[in-house]
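To start, the structure itself, in structure tokens.
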Amino acid sequence: MYILVSASAHGTAEPQGVHLQALDDVGHPTADAVVVPLADLPRKIAKLETKRPRWVFENVRDWYPQLLADATDIDIERCHDVTLIRGILRFATSAAPSPYIEVLHSAPLDDTEDALPRQLQPPPPAPDQGTLFESGPTTSGMPLEDLRDELQAQLAAIAQSPQAHRLTLLTAAESAGALVAAEMEHFGMPWREDVHNDILTTALGPRPREGHRPPELERLAGELRTTLKNPTLNPDSPQELLRALHRAGLEVKTTRQWELEQHNHPVIAPLLQYKKLSRLVTANGWTWLDAWVHDGRFHPEYVVGGVVTGRWASRGGGAMQIPRVIRDASRPDPGHRFIVADAAQLEPRVLAALAKDSALAAAARGRDLYQGIADQGFGGDRSTAKIAMLGAMYGATSGEAGRLMPQLTRTYPQAIAVVEHAAREGEAGGVVSSHLGRSCPPPSPRWLQAQQSTTADEQRRAEGVARARGRFTRNFVVQGTAAEWALCWLAELRRRLRTAAGPGPALGKLVFFLHDEVVLHVRDECVEEVEAIVQASAAAATHLLFGNIPIDFPVNAVVVDSYADAK
DNA sequence: ACGCGTAGCGCG
DNA sequence: AAAGCGCGCTACGCGT
């Protein structure tokens, strides 16, 4: 059963409050809607949760964070996030056609803000609304009736799809992800401000006044000015820096790290050090600490499905780009440990599963897939095998990876055929899909227009653009399916942690997620049990996605007292 | 003063 | 050895 949750009812004179309505499995009402005051919502949810419904929100983001903040014991097993599923169905080629899907298709392509076309957009809030729920969920959400209609349309598009089973799983996993994201945001990642400050001070000297460089950066800047004989040089300006380097006789095209490393000149070492420290202080320095860490927790904001491939993105705090040097500041609370787990070589394993490539599956049999590939076709050289495999999934054409492609194609014809087919499809303006049915966006009108070019010059450019799309679709099938595996893993982890705890205290909390890696904050005495759950969840994710296949998706899990000690 | 594109670098 | 996928963030530097 489903239970709709909406802050507003359209066209009724009912008192304001939260409207709840129970629906059957295809979205038809089984009882009249009820209205409960917002303050009673947690209690009402607890009562109805015993029926194990799927809670339907227009947006989990608009409801769940506040519920977590208000009621410590809030307990939701599963949900359906109408906005996230709308985003999937908008492009999913396996969705059953319907007027609803037509409307989704009619949304302009470049609107990144939301995928909701104007016809379906909620009416602007009436001026007299918005006073009752000042700290609560939005009042400008969809009316109950519209939410119900859209849920029905979504369920029909999924159920009548030839891939109903896969789309159903994707819908559940994506929605579970929304719950996990809100819970991780709420709990936060344990973060020791004092340790972080020590790291910064050791590298940079004491915290400078606002708008000034830390002592060590100032010293290095002085050294650069002296060496380059330019007393006013601002090393933060690539243009200035490039000119100064040219005057010093260094023929570099850019000021990128890897290019600078090729040269031998007294300015290179201090310059690379300057860049490294400058990066540290601007991206993850004291300002970052002030903005994102409170009461011993780093609170990032996750954007579920924020990446076209279905990966999560983050907003603020750069949660997906925490540099290794700063990870030592993340320490478990007393009486707790971190379990840091990551899926080993997830993407090539996903490719082996997608392609049912038994040779690649054989290489994946051991724990180290790249070593397996190396032993089968690259003379045992692991790093060469890795470059070749990554090149195949990214569409490398030149360099070492490009040269290795023929050998890889000979060894794994089926796997390579899958990514090559995806690339050809994309180059031709087509659309590709992940295993569970997340499809990539179609090419923009501008892209299609460019393909009609007439002059030789324009044609060459258009071919380049077409190949770029081919590399995107080539990678999409692999990255998108890997994201689905990770989402299922996450959902299974959440489910099993809840079941294992029962009504008692949590064994541990998910506190961080990074594409193919999770961090769990676990009570000392529960470490072994949670380790087993991590492994069982991975096996369950593999089975959910691919059924019984002879391909392992091993997970490396380590128990540590600092995030930096993982890997 | 603000918006926006670019360079550069962090992560997977 | 330095291309080939997906992101976010900061500072610069140009445009308005």
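If you're wondering where the values come from, they're calculated on a predicted model, not measured in any experiment. Protein chains get the first letters and strands the later ones, always in sequence-line order, with residue 1 at the start of each.
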Any protein N or O atoms within reach of nucleotides 10-12 of chain B? Criterion: under 3.5 Å, listing atom names and distances.
from, atom 1, to, atom 2, distance (Å)
B:dG10, O4', A:Arg279, NE, 3.3
B:dG10, O4', A:Arg279, NH2, 3.1
B:dG10, N2, A:Gln321, NE2, 3.2
B:dC11, OP1, A:Arg324, N, 3.3
B:dC11, O3', A:Arg327, NH2, 3.2
B:dG12, OP1, A:Arg324, NH2, 3.0
B:dG12, O3', A:Asp516, OD1, 2.8
B:dG12, O3', A:Asp516, OD2, 2.9
B:dG12, N2, A:Arg311, NH1, 3.3
B:dG12, N3, A:Arg311, NH1, 3.2
B:dG12, N3, A:Arg311, NH2, 3.4

Aromatic plane relationship, A:Phe553 with A:Trp485 - under 30° parallel, 30 to 60° tilted, over 60° perpendicular: parallel
SB check A:Arg213 A:Asp236 (cutoff 4.0 Å): yes
Pairing residues for A:Arg297 by the salt bridge (Lys or Arg N to Asp or Glu O under 4.0 Å) criterion, not counting sequence neighbours: A:Asp333
Spacing of A:Phe472 atom CZ relative to C:dG4 atom P, expressed in whole Å: 17 Å
A:Arg382/A:Asp368 ion pair, N-O < 4.0 Å: yes
Salt bridge flag under 4.0 Å for residues A:Arg474 and A:Glu347: no
Pair listing, side chain to side chain donor-acceptor pair (under 3.5 Å) test, anchored in residues 170-185 of chain A, at least two apart: A:Arg61-A:Glu185, A:Tyr64-A:Glu183, A:Glu174-A:Arg438, A:Glu183-A:Arg494
Could you write out each protein N or O paired with an N or O of nucleotides 10-16 of chain C at a distance under 3.5 Å?
from, atom 1, to, atom 2, distance (Å)
C:dG13, OP1, A:Ser237, OG, 2.2

Distance in angstrom units between A:Leu260 CG and C:dA1 P, rounded: 18 Å
Interatomic distance where CG belongs to A:Leu408 and P belongs to C:dG4 [whole Å]: 18 Å
Bracket string, DNA chain C, 5' to 3' - pairs by Watson-Crick or G-U geometry under 3.5 Å, | interstrand: ....||||||||||||
Residues, nucleotides or ligands: over 12 heavy atoms within 6.0 Å of A:Gln449 CD: no
C:dG4 versus B:dG12 - spacing of their C1' atoms, nearest Å: 15 Å
Residue pairs fulfilling side chain to side chain donor-acceptor pair (under 3.5 Å) with at least one residue in residues 397-406 of chain A, sequence neighbours excluded: none
Length of the CD-P vector between A:Glu259 and B:dG8, whole Å: 9 Å
